[in-house]
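Counting convention: from 1, in listed order, for ligands and their atoms alike.
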Amino acid sequence: MSDSYDLVILGAGTGGYSCALRAAGLGLKVALVEKEKVGGTCLHWGCIPTKALLQAAEVAEHAQHSADYGVNATFESIEVAAMLEYKNSVVEANWKGLQSTLKARGVDVVYGSGHLKDQRTLLVDTDEGERSLVADRGLVLATGSVPRGIPVEGADIDGETIITSDHALFLDRVPERPIVLGAGAVGVEFATIWNAFGAEEVTIVEMLDALVPLEDADTQKVLAREFKKRGINALVGTKATKVEKGDGGVRVTVENGKGEQTLEGDLLMVAIGRRPVTEDMGFEDAGVELDRGYVPVDDHLRVGPEWDGGRMYAIGDILPPPSLGLAHASFQEGFLVAEQAAGERVTPIDNKGIPRVTYSHPEVGSVGYTEAELKEEGVEFDKAMFPFSHNARAMMMKTGGHVKVLAAKGNGKVLGVHVVGPRATDLIAEGQLIYNWEALPTEVAHFIHPHPTLSEALGEAHMKIAGNALHG
Ligand SMILES: Cc1cc2nc3c(=O)[nH]c(=O)nc-3n(C[C@H](O)[C@H](O)[C@H](O)COP(=O)(O)OP(=O)(O)OC[C@H]3O[C@@H](n4cnc5c(N)ncnc54)[C@H](O)[C@@H]3O)c2cc1C
């Protein structure tokens with residue numbers, strides 16, 4: 001027997017569940033299929049638990065530096081069990097909330113492993129037997145991603161000495177000398193966490209020439225400087241060539257322009273990216289052509305041929321770049337698909353307009369183009385940088401960094417906002433409005449920010465580019 005729905009969604013991560021909630025809100029009958037827990041990577045293995053650990057890291061850093069503020073406190077150590085309990089409680093509360101919301105909105109959550117029978121029929125292997133779900137308006141692929149391994153001799157993930165972020169979230173100790181491979185968001189966040197938790201030596205190794213390789217070069221410089229100040233050993237332009245385990249530790253041979261060296265640690269975390277989950281679910285038999293495992297889509301996130309009144313879509317981490325592999329990117333993709341399935345007119349997503357966030361200390365937030373990208377595209381631009389060292393609130397917080405704004409030459413629209421410093425991941429919310437509303441620097445400069453706040457740095461960077469600098 002088969003059940004008929006307007007929308008059948010495979011995978012209940014941020015992409016799948018956001019699509020389900022928006023579609024249900026638009027009056028569609030929705031089935032959301034999940035083989036593990038609703039919330040997916042972000043809620044259980046990604047954004048939420050890592051940011052809880054980073055919150056604990058911030059508290060540890062406050063204790064370590066309390067004397068700078070005339071406060072008597074000491075940092076002794078991390079009570080790992082209690083810290084994990086705190087992190088788990090945050091995940092649990094969000095998970096409960098999500099389950100109730102899905103229920104309240106009438107989304108039919110079907111637990112089990114899904115497999116495409118054809119482009120509009122999903123077979124689900126549930127505890128009660130197989131169910132067949134037929135989609136009338138849309139079948140949405142949202143099966144997400146898992147950590148990528150590294151093709152280096154001896155680097156097999158064992159979950160103990162050689163781990164991924166999935167294992168790092170449940171470590172029952174603070175590693176003493178962790179080595180992190182990969183300086184993208186996940187890598188620099190864990191380097192930050194372990195450094196703040198009191199690890200003796202943290203080393204991060206990146207094959208490309210800078211930490212957070214996709215960010216603006218000025219951001220990369222600040223992060224490198226701050227990591228150095230914190231004693232994090234960052235090796236960029238450096239490639240791991242061999243990994244050996246032994247005596248409860250790990251030796252990693254790395255190579256760079258200066259030659260070969262061997263790093264010794266008690267733990268190796270592989271954080272070189274994630275691969276899409278698209279195999280063994282009948283995608284190709286249903287007409288989905290994969291590209292290096294990703295599901296290519298058109299600008300409306302459609303896949304494969306149309307059927308009478310409906311079609312397949314794909315969202316989230318299974319999309320190839322330029323989709324960003326971020327939870328909020330998958331939210332936006334989920335909304336776009338739900339709205340289309342409900343017959344609404346939609347506007348394709350500008351991936352450059354989706355804010356990028358990294359919660360290292362200092363944090364990084366950016367939107368739009370980097371300076372290097374503008375140069376590469378031959379765009380003429382003006383730029384302004386406002387340092388947090390001139391911002392009263394940041395001075396109180398004893399933090400550095402800057403806000404950098406790039407705008408089309410001669411008060412043209414803002415093309416990029418780059419924040420590195422305190423609360424950059426929150427501050428970039430304003431940057432994304434400025435970018436997406438195609439604001440001009442003079443328009444932003446006209447409005448005033450509350451004083452004293454970190455947000456003034458954003459205002460001041462725009463004032464500077466508009467020729468009305470106040471403090472910088
Ligand atoms: C350590 C880490 C930190 C991160 N931090 C951030 C952050 O701070 N901010 C941010 O924006 N992003 C962050 N991300 C990225 C973010 O988690 C992902 O971009 C997001 O979760 C992708 O959502 P998704 O819906 O595409 O896939 P997923 O969340 O991976 O969900 C896919 C779901 O599909 C299910 N599934 C797969 N196959 C089947 C099947 N056959 N049948 C049934 N169900 C199936 C899976 O069980 C899973 O629940 C982080 C990621 C990691 C790993």
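Of all protein heavy atoms, the one lying nearest to atom 51 (C) of ligand 1 is G46 CA, 3.9 Å. Looking only at protein heavy atoms, the nearest one to atom 31 (O) of ligand 1 is G13 CA, 3.3 Å. The protein atom (non-hydrogen) at minimum distance from atom 26 (O) of ligand 1 is D317 N, 2.8 Å. When hydrogens are left out, the protein atom nearest atom 35 (C) of ligand 1 is E34 OE1, 3.3 Å; that is the closest non-hydrogen contact. At the top of the distance list for atom 4 (C) of ligand 1, counting protein heavy atoms only, stands C47 N, 3.4 Å. When only non-hydrogen protein atoms are considered, atom 25 (O) of ligand 1 lies nearest to G15 N, 2.9 Å. Among all protein heavy atoms, the one lying closest to atom 21 (O) of ligand 1 is C42 N, 3.2 Å. With respect to atom 12 (N) of ligand 1, the closest heavy atom belonging to the protein is A327 N, 3.2 Å.
At a threshold of 4.0 Å, the pair K245-E264 does not count as salt-bridged, since none of the basic side-chain nitrogens sits closer than that to a carboxylate oxygen. Salt-bridge annotation for R177 and E201: absent, with no side-chain N of the basic residue lying under 4.0 Å from a carboxylate O of the acidic one.
The 12-atom threshold is exceeded at NZ of K51, counting heavy atoms of other residues, nucleotides or ligands nearer than 6.0 Å. Atom CZ of R423 has 12 or fewer heavy atoms from other residues, nucleotides or ligands within 6.0 Å. The local environment of CD in E160 is sparse, with at most 12 non-hydrogen atoms from other residues, nucleotides or ligands closer than 6.0 Å. By the 6.0 Å contact criterion, CD on E176 is open, its count of non-hydrogen atoms from other residues, nucleotides or ligands being 12 or less. The 12-atom threshold is not exceeded at CD of E85, counting heavy atoms of other residues, nucleotides or ligands nearer than 6.0 Å.
Residues Y359 and V357 have side chains in contact (heavy-atom distance under 4.5 Å, counting atoms from C-beta outward). Looking at heavy atoms from C-beta onward, Y17 lies out of side-chain contact with T101 at the 4.5 angstrom threshold.
For the pair D6 (side chain) and K29 (backbone), a donor-acceptor distance under 3.5 Å is present. The backbone N or O of V90 lies less than 3.5 Å from a partner atom in the side chain of N94, making a donor-acceptor pair.
Atoms of ligand 1 lying under 4.0 Å from any heavy atom of G325, numbered from 1 in the order shown and given with element: 15 (C), 19 (O). Heavy-atom proximity to G316, at under 4.0 Å, picks out these atoms of ligand 1: 26 (O). Ligand 1 places these atoms under 4.0 Å from at least one heavy atom of Y359: 8 (O). Interface of S113 with ligand 1, defined as ligand atoms under 4.0 Å from a residue heavy atom, comprises 41 (N), 42 (N). Listed by number with element, the atoms of ligand 1 under 4.0 angstrom from any heavy atom of V186 are 1 (C), 2 (C). Within ligand 1, the atoms closer than 4.0 Å to a non-hydrogen atom of H328 are 11 (O), numbered from 1 in the order shown. The contact set between ligand 1 and L326, taken as ligand atoms under 4.0 Å from a residue heavy atom, comprises 10 (C), 11 (O), 12 (N), 19 (O). Near K51, with a cut-off below 4.0 Å to any heavy atom, the atoms of ligand 1 are 5 (N), 6 (C), 7 (C), 8 (O).
Every pair passing salt bridge (charged side-chain N to carboxylate O under 4.0 Å, His left out) that includes a residue from residues 338-353 is listed here, sequence neighbours excluded: R22-E339, K352-E373.
For W307, the side-chain contact (heavy atoms from CB on, under 4.5 Å) partners two or more places apart in sequence, or in a different chain, are Q119, R120, A135, L139, M312.
Here's the thing with T14: one of its N/O atoms is less than 3.5 angstrom from an N/O atom of ligand 1. The shortest N/O to N/O separation between K35 and ligand 1 falls below 3.5 Å.
R274 counts as a contact of ligand 1, since one of its heavy atoms falls under 4.0 Å from the ligand. Taking a 4.0 Å cut-off on heavy atoms, A185 fails to register as neighbouring ligand 1.
Note that the CZ atom of R275 and the CZ atom of R148 stand 8.0 Å from one another [nearest 0.5 Å].
Contacts between L10 and ligand 1, counted as non-hydrogen atom pairs separated by less than 4.0 Å, involve the side chain only. Contacts of W45 with ligand 1, taken as heavy-atom pairs under 4.0 Å, involve the backbone alone. Counting heavy atoms closer than 4.0 Å to ligand 1, residue P147 contributes nothing at all.
For the residues I315, T41, D125, L324, the heavy atom positioned nearest atom 29 (O) of ligand 1 is part of T41.
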